[in-house]
Amino acid sequence: MTEKRYAIAIHGGAGTILKSTMTPEKEAAYSAGLETALAAGEAVLRDGGSALDAVTAAVCALEDEPLFNAGRGAVFTTAGKQEMDAAIMDGRDRATGTVAGIFGPKNPVKLARLVMETTPHVCMIGEHVLELGRKAGLEFGEPDYFFSQARWDALQDTLAMKAKGEEDDDPARRHGTVGAVACDREGNVAAATSTGGWTGKMPGRVGDTPMPGAGNFAENATCAVSGTGHGEVFIKYTAGAEIAARMRHRGETLEQAARHVVMEDLGKNDGSGGVIAVDAKGNLTLPFNSEGMYRGWAREGGERGVAIYKG
C-alpha cells in the first residue's frame, strides 16, 4: 500500500501590489511572510498532524503578519473601523465554523474554529461570539495592535476618491484575504480563510469568506478550497462548492475544475481573484485571473515555493 503524502498551499490575497510599483524590499518582505506561514503549516503535517491543525497554524501566521489583510493587518471600513471575517472547514465531515464582522481576537480563525468545535452553530457574529473567545482564553488585542498607518492611509486615499466620484480599482485595496488548504497523511483535507474585507467597505459588509461554499470549502470526497478576490462574485457563483461539484458530477480533475471556475465563472463576471485548492490525493492547484496572488505551496518529498506574480 502506497503511503499517502501531505500537501499544503497558502495564499495572502489576490489583491497584490501592482508589479510596476513593487520594490525589491517589499517583495522580499511579502515572500518572507509567506515562507513563515508555509513553514508553520508544513511543520504540523511533517510531524504527522492533521490538515485541520495545519491550516489553522498557517492562517494564524498570516494573521500575525501586518502585510496581509487579516488579523493584525486588517483594512478599515468607511467608518474607520476594522471588521474581520474568518472560516474553517474539516473535510472529514464538513464540520464548519465561521465568524463575521468581529474585532478583538488576534487570530479570528481560532474563534471560527471555536464556533465549529464548541457550539451547535456554523456562523456567529457580535458580542456573544467574542465572549466565547474570551472564556476560551483566546488572545485579544487592543486597537493599537491592529492599527497600521499604511492601511489607514489607504482608507484616506479611497475616501478621497469616493468624494470625487471616482472608483478605487487598485487591487491592493479592493481585495485581500489569507487562506490555507491542506491534505494530511491520512488523506483528510481542510481549509481555513481569514480577511479584513476591502478598504472602504461599508460597515457591516460580510464577504465570501464566512459563507461556506463560497470563499471556503472542504470535503474529502472532492477538495478543499480557499478563495481570494471580489467576494460578492465568489458568493454569487458559490466558487468553492462549484469546484467540488464539477469534480463530483463531471468527473473533472482538481486542476480542470478550479481553472474553469476561476477563469470562466469568475473571470468573465467581474470576479477578479483566485483560489488555492487541494484534493485527498495531495494534488494542488493555485489558479488566479488577476495580475498576481501572494501564494506558497509544499508537498512531502516534492517541490516547495512561494510566488507573487504570474510565471
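Throughout, numbering of the chain's residues begins at 1 and tracks the sequence.
- Each of Thr96, Ile88, Val99 was scored for a side chain to side chain contact (heavy atoms under 4.5 Å, CB included) with Val115, with one residue passing: Val99.
- Here the side chain of Asn269 pairs no donor or acceptor atom with the backbone of Gly271 at under 3.5 angstrom.
- A distance-only check finds no donor-acceptor pair linking the side chain of Arg113 to the backbone of Met89 [under 3.5 Å].
- Residue Gly101 comes nearest to Glu83 through the heavy atom pair CA-CB, 4.0 Å, listed as atom of the first residue, atom of the second, then distance.
- Annotation: Phe103 is in aromatic contact with Phe146 [ring centroid separation under 6.0 Å].
- A cation-pi arrangement is present between Lys106 and Tyr145, with the terminal nitrogen or guanidinium carbon under 6.0 Å from the aromatic centre and inside a 45° cone about the axis.
- Residue-environment remark: CD (Glu264) exceeds the threshold of 12 foreign heavy atoms within 6.0 Å.
- Residues Leu45 and Leu52 fall into different hydrophobic clusters, defined by Ile, Leu, Val, Met, Phe, Trp and Tyr side chains chained together at heavy-atom separations under 4.5 Å.
- The shortest distance between side-chain heavy atoms of Trp297 and Glu303 falls below 4.5 Å.
- Cluster annotation: Val306 and Ile308 are assigned to the same hydrophobic cluster (Ile/Leu/Val/Met/Phe/Trp/Tyr, side-chain heavy-atom contacts under 4.5 Å, transitive).
- Heavy atoms of other residues, nucleotides or ligands lying less than 6.0 angstrom from NZ of Lys162 number more than 12.
- Listed by chain and number, the residues in a side-chain hydrogen bond (donor to acceptor under 3.5 Å, both in side chains) with Asn216 are Thr193 (sequence neighbours excluded).
- Pairing each heavy atom of Leu38 with each of Ile10, the nearest pair is N-CD1, 3.6 Å.
- A distance-only check finds no donor-acceptor pair linking the side chain of Thr98 to the backbone of Ala87 [under 3.5 Å].
- Taking all atoms of both residues into account, the shortest heavy-atom contact from Ala239 to Leu266 is CB-CD1, 4.2 Å.
- Leu34 is connected to Val109 through a chain of hydrophobic side-chain contacts under 4.5 Å among Ile, Leu, Val, Met, Phe, Trp and Tyr, so both are in one cluster.
- Ring orientation note: the planes of His230 and Trp198 are nearly perpendicular, at an angle over 60° on the 30°/60° scale.
- Side chain of Arg246 to backbone of Gly251: no donor-acceptor contact under 3.5 angstrom is found.
- Within the 3.5 Å criterion, the main-chain N or O of Leu67 finds a donor-acceptor partner in the side chain of Glu65.
- For the pair Thr23 (side chain) and Lys26 (backbone), a donor-acceptor distance under 3.5 Å is present.
- The main-chain N or O of Gly187 is found under 3.5 Å from a side-chain atom of Asp184 such that the two form a donor-acceptor pair.
- In Glu131, the CD atom is crowded: over 12 heavy atoms of neighbouring residues, nucleotides or ligands sit closer than 6.0 Å.
- Hydrophobic clustering, with ILVMFWY side chains joined whenever heavy atoms are under 4.5 angstrom apart, keeps Phe76 apart from Val206.
- Phe234 is connected to Ile243 through a chain of hydrophobic side-chain contacts under 4.5 Å among Ile, Leu, Val, Met, Phe, Trp and Tyr, so both are in one cluster.
- Contact annotation: the side chain of Arg205 approaches that of Glu232 to within less than 4.5 Å [non-hydrogen atoms, C-beta and beyond].
- Tested against Asn69 for a side chain to side chain contact (heavy atoms under 4.5 Å, CB included), the candidates Thr228, Val178, Thr199, Thr195 yield a single pass: Thr195.
- Environment of CD1 in Ile125: sparse, with no more than 12 heavy atoms of neighbouring residues, nucleotides or ligands closer than 6.0 Å.
- Arg151 places a side-chain N or O within 3.5 Å of a backbone atom of Gly73 that can act as its donor or acceptor partner.
- The 12-atom threshold is not exceeded at NZ of Lys164, counting heavy atoms of other residues, nucleotides or ligands nearer than 6.0 Å.
- Between Pro203 and Thr77, the closest heavy-atom pair is CG-OG1, 4.1 Å.
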Pair Lys110-Glu117, salt bridge (charged side-chain N to carboxylate O under 4.0 Å, His left out): steps then yes or no: CA-CA 10 Å; Lys110 288 185 177 180; Glu117 294 180 335; over 6 Å; no
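- Applying the side-chain hydrogen bond (donor to acceptor under 3.5 Å, both in side chains) test to Glu42 and every residue at least two apart in sequence or in another chain returns Tyr6, Arg304.
- Without hydrogens or angle criteria, Asp279 side chain to Gly282 main chain gives a donor-acceptor distance under 3.5 Å.
- Put simply, the side chain of Gln82 never gets that close to the backbone of Val75: no donor and acceptor are under 3.5 Å apart.
- The minimum heavy-atom distance linking Ser194 with Thr177 is given by the pair O-CG2, 3.3 Å.
- Shortest non-hydrogen contact noted between Leu254 and Cys223 is CD1-CB, 3.6 Å.
- Counting non-hydrogen atoms of neighbouring residues, nucleotides and ligands closer than 6.0 angstrom, the CD atom of Gln156 exceeds 12 such neighbours.
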Evaluate Val189 against Glu219 for side-chain contact (heavy atoms from CB on, under 4.5 Å), listing each step before the verdict. CA-CA 7 Å; Val189 301; Glu219 65 169 6; 5.9 Å; no
